[in-house]
Amino acid sequence: MDLRMMAFDSPLFSVLQHLHDAGDDSEKSVSAPTRTYVRDAKAMAATPADVMEYPNSYAFVIDMPGLKSGDIKVQVEDDNVLVISGERRRQEEEKEGAAKYVRMERRVGKFMRKFVLPENANPDKISAVCQDGVLTVTVEKLPPPEPKKPKTIEVKIA
């Protein structure tokens, strides 16, 4: 209800109106996702990846056309989450009389993917190579545990 429509234009009524409206907004914001969450979700959805398992390693393959190594970050969080992120920027042309975009379909902006590493992945042995616009992150596997040998106990005769 807008109190100004009823000819209540005093500062006190405008403050009361603001407080009343703020109460409605707070109820909506509790259940609404944050802007950061929405931005990260969009960045993750727009970054497709292939994950392959080899006998001694895992490979994460992501298309990254036109990006330089400085635009890509590969990190490990919490010892078991592989994070691949970065930003693709639009080429800036600052010449007068430069071409204007008629259509822009190539994606620009931030991208990110998170992968929970399997238990047998070695987070200390990760390598990343970007060749011909394809990023390949290789995570070596831990060696399989050696089978425990049965312990022989000598039987003494009493």
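For residues 114-146, the ring-ring contact (aromatic ring centres under 6.0 Å, His included) pairs, not counting sequence neighbours, are Phe60-Phe115. Applying the salt bridge (charged side-chain N to carboxylate O under 4.0 Å, His left out) test to every pair with at least one member in residues 63-75, sequence neighbours left out, gives these pairs: Asp71-Arg89. For residues 142-158, the set of pairs meeting the salt bridge (charged side-chain N to carboxylate O under 4.0 Å, His left out) definition, not counting sequence neighbours, is empty. The list of salt bridge (charged side-chain N to carboxylate O under 4.0 Å, His left out) pairs with a residue in residues 120-136, not counting sequence neighbours, is empty. Among residues at least two apart or in separate chains, there is no ring-ring contact (aromatic ring centres under 6.0 Å, His included) pair with a member in residues 135-158.
The side-chain contact (heavy atoms from CB on, under 4.5 Å) search around Glu119 returns none, not counting sequence neighbours. Ser57 is linked by a side-chain contact (heavy atoms from CB on, under 4.5 Å) to Tyr54, Thr138, counting only residues two or more places apart in sequence or in another chain. For Pro144, there are no side-chain contact (heavy atoms from CB on, under 4.5 Å) partners at least two apart in sequence or on another chain. Applying the side-chain contact (heavy atoms from CB on, under 4.5 Å) criterion to Asn120, with sequence neighbours excluded, gives Tyr58, Pro118, Lys141. Taking the salt bridge (charged side-chain N to carboxylate O under 4.0 Å, His left out) definition, one finds that Asp50 meets it with nothing, sequence neighbours left out.
Considering every non-hydrogen atom in both Glu87 and Leu67, the closest pair reads O-CD2, 3.7 Å. The two atoms that bring Val139 and Asn122 nearest to each other are CG1-O, 3.8 Å, heavy atoms only. Residues Pro48 and Ile62 approach most closely at O-CG2, 3.7 Å, considering heavy atoms.
The distance from atom CG of Leu135 to atom CZ of Arg113, rounded to the nearest 0.5 Å, is 12.5 Å. Rounded to the nearest 0.5 Å, atoms CD (Gln75) and NZ (Lys114) are 9.5 Å apart.
Residues Met52 and Val137 are members of separate hydrophobic clusters, defined by side-chain heavy-atom contacts under 4.5 angstrom among Ile, Leu, Val, Met, Phe, Trp and Tyr. By the rule that hydrophobic residues join a cluster once side-chain heavy atoms approach within less than 4.5 Å of another member, Ile72 and Val61 end up as members of separate clusters. Hydrophobic clustering, with ILVMFWY side chains joined whenever heavy atoms are under 4.5 angstrom apart, keeps Leu142 apart from Val76.
Residue Val102 belongs to no hydrophobic cluster, having no ILVMFWY side-chain heavy atom closer than 4.5 Å to its own.
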